[in-house]
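Notes for the one structure printed next.
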Protein chains: 2
Amino acid sequence: MGITERREAEKEAVRNKILYAAGKILARDGYESLSIRKIANEIEYSPGVIYHYFKDKAEIIATVVEEGYGRILQKLREIPVDLENPDKSIENSMKAYIELMLETPEQFKAVLLNDTVGIADKVNMLDEGISKERKSIQSLCRMIQHGIEIGKIREMDIELTAQIIWTSTHGLLSRLVLEKRIPKEQKERLIDHHFNILLKGLSK
Amino acid sequence: MGITERREAEKEAVRNKILYAAGKILARDGYESLSIRKIANEIEYSPGVIYHYFKDKAEIIATVVEEGYGRILQKLREIPVDLENPDKSIENSMKAYIELMLETPEQFKAVLLNDTVGIADKVNMLDEGISKERKSIQSLCRMIQHGIEIGKIREMDIELTAQIIWTSTHGLLSRLVLEKRIPKEQKERLIDHHFNILLKGLSK
DNA sequence: ATTTGTATTGAACAGTGTTTAGTTAAATAA
DNA sequence: TTATTTAACTAAACACTGTTCAATACAAAT
C-alpha cells in the first residue's frame, strides 16, 4: 500500500501548493487580483488542473481564509483568561483579535466580501462537531458567564451578548481595515473608546 | 442659449438613464452581476458610450450608491428628535438606519465591498462643504451632546462616541445583511440587545 | 506488452472592463 | 448655403476573467 499512499501524498502536495500560492497572491496583490491563471502560473501548472483539486475559485478562497482565520482563532484561544477580571479578559481577547486581523487585512477583506456563503458556511459550520468561530464565541461566553457569576457583568442572555460583542467589534474592524489613511493614533483612540463603551454596557 | 441648454439636458438624461439602469440591475441581479454591458443593453446603447459619461465602472457604482445612501441619510435626518430622551432618539435613529439599509441590501453590500475608495471618498467627502454622512454623524453628535447636558449620558468625547455608535451598528448590519437565513425573530433579538448594551454603555 | 486510470494540458467558450478608430449627426462659421 | 468643427455614438479589438473539455502523457496493474 506504499504506492497509493505516496500518490495521495503527491496529490495533497499539489493541493497545498495551490493553497499556498493563493494565499501568497492574496497577501501580495490583494483580493481583487487573485485569479486562477495567476495561481496556475505561480505553481507552474496549466490553469485547468486547479479544477481537479477544487470545485471552483470560491472554494480555494474559502479554504485559504478558513485556514488563516483558523490560525487567528487558535491564537485567540491561547490567550490566558484572567478569572479575576473577566471584563479585562474580554477586552484583551477582542483587542488581540483586532490586531491579528489587521496583520492580514486582505484575508479579512476576503471574509467580508465573500458573501458569507462560501466562507461563513465553512467557518461557522461544524468542524469536529463545532466550528472554530463557535469555539471562540464559546470562549467569550465562558468569560461572560464568569463575569456574571462574580457580579462584574450584569445578568443577560450570554450567547446573544457574545454575538453583539463579536458583531460590534467586527464593525470597528471593517472601518479600520477598509478605510485607508486613518492615523495610527486615531485608530487606537477608536479601539479604546469602543471597548470603553462596550465594557460599560456589559457592567452591572 | 436654448440649444446648448437642451443638449446639456439631453446629456444629463442619458447620464441618468445609465444610473437608473445600474441601480435597477444592482437591485434585481445583485452587486456581483452588475456589468457595463448589461447597463448598455438595458439602455440600448453600445457599451463604449458609457465611458463618455463616467470615468469607469467604480464611478457609476459610487454615484448610484451615493444617491441611494444619500436618500437614506436624508430620511434619517427627518426623524424627529426627542429632546427629553436623547438615548431613545439615538436608538430610534440607528434602528431606522438599520431598517432602511435592510430595504436595499445590495446597495449596502456595494458600500461594504467597494474598498471604501470610490464610495467612502464620495460619501465622506464634502458635499456643500460637509458630507451627508458627516451630517448624520453630526446629528448623532447633537443627541449625545444634549444627553450629556441633561445628565443622561456620561461625559466623553462626543465625536469619538458618535463614530463608535456608527461602526458598531454597521457591524451588526453587516451580519444582518450578509448572513442569510437568520430568522426574523433572531434578527430582532440581535438588534434589541445591541442597543441594550450600547445605550447602557453610554449612560451615566 | 497491453490495458487501465488518472494527472495534466491547451484550446475553447462565454463573459468581463476598457480603449480607440471610424462613422454620423448636429451646431457653428464663412 | 456651404464648409468646418464639435460632439455622440458604434463596433471592434485588447487583455483579461472563471470554467469546461477533448486530447494526451504517463505511471501502475494486468
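Proteins come first, then strands; the chains are lettered A, B, ... in the order of their sequence lines, and each starts at number 1. As the structure is a prediction and not an experimental result, all values here were calculated from the model.
DNA chain D lies under 4.0 Å from at least one heavy atom of each of the following residues of residues 42-56 of chain B: B:Tyr45, B:Ser46, B:Gly48, B:Val49, B:His52, B:Tyr53.
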Atom pairs and distances, donor-acceptor, side-chain atoms in residues 191-199 of chain B, under 3.5 Å, two or more places apart:
unit_1, atom_1, unit_2, atom_2, d
B:Asp192, OD1, B:Lys95, NZ, 3.1
B:His193, NE2, A:Thr161, OG1, 2.7
B:His194, NE2, B:Thr169, OG1, 3.2
B:Asn196, OD1, A:Arg154, NH1, 3.1
B:Asn196, OD1, A:Arg154, NH2, 2.8

Table please: side-chain donor-acceptor pairs of residues 43-55 of chain A below 3.5 Å, with sequence neighbours left out.
unit_1, atom_1, unit_2, atom_2, d
A:Ser46, OG, A:Gly48, N, 3.4

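Residues passing the side-chain hydrogen bond (donor to acceptor under 3.5 Å, both in side chains) test with B:Arg15, sequence neighbours excluded: none. With sequence neighbours excluded, the residues satisfying salt bridge (charged side-chain N to carboxylate O under 4.0 Å, His left out) with A:Lys24 are A:Glu42. Here A:Glu185 pairs with nothing under the side-chain hydrogen bond (donor to acceptor under 3.5 Å, both in side chains) rule; sequence neighbours left out. Annotation: salt bridge (charged side-chain N to carboxylate O under 4.0 Å, His left out) contacts of B:Lys88 (sequence neighbours excluded): B:Glu91. Applying the salt bridge (charged side-chain N to carboxylate O under 4.0 Å, His left out) rule to A:Asp82 yields no partners; only residues at least two apart in sequence or on another chain are considered. Every residue meeting the salt bridge (charged side-chain N to carboxylate O under 4.0 Å, His left out) condition with B:Asp29, not counting sequence neighbours, appears here in chain and number order: B:Lys38. Residues forming a side-chain hydrogen bond (donor to acceptor under 3.5 Å, both in side chains) with B:Glu103 (at least two apart in sequence, or on another chain): none.
Checked by atom type, the side-chain pair A:Arg142/A:Gln145 shows no donor-acceptor distance below 3.5 Å. If you check the side chains of B:Gln74 and B:Arg77, you find a donor sitting under 3.5 Å from an acceptor.
Atom P of nucleotide D:dC16 and atom NZ of A:Lys57 are separated by 15 Å, given to the nearest angstrom. Remark: P of D:dC9 and CD1 of B:Ile36 are 15 Å apart, rounded to the nearest angstrom. Atom CD1 in A:Ile18 sits about 12 Å away from atom P in C:dA7, given to the nearest Å. One atom, CD1 of B:Ile25, and another, P of C:dT16, lie 10 Å apart when rounded to the nearest Å. Remark: C1' of D:dA8 and CD of B:Glu12 are 16 Å apart, rounded to the nearest angstrom. Whole-Å rounding puts the B:Glu32 CD to C:dG15 P distance at 18 Å.
Residue contacts shown for A:Leu34 are limited to sugar-phosphate atoms, with no base heavy atom under 4.0 Å away.
Contact check, B:Lys11 against D:dA8: a side-chain N or O comes under 4.0 Å of OP1 or OP2.
End-to-end axis angle of the helix from C:dA1-D:dT30 to C:dT28-D:dA3, using five pairs per end and rounding to 10°, comes to 30°.
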Give me the distances for all protein-to-nucleotides 13-15 of chain D N/O pairs that come in under 3.5 Å?
unit_1, atom_1, unit_2, atom_2, d
D:dA13, N6, B:Arg37, NH2, 3.4

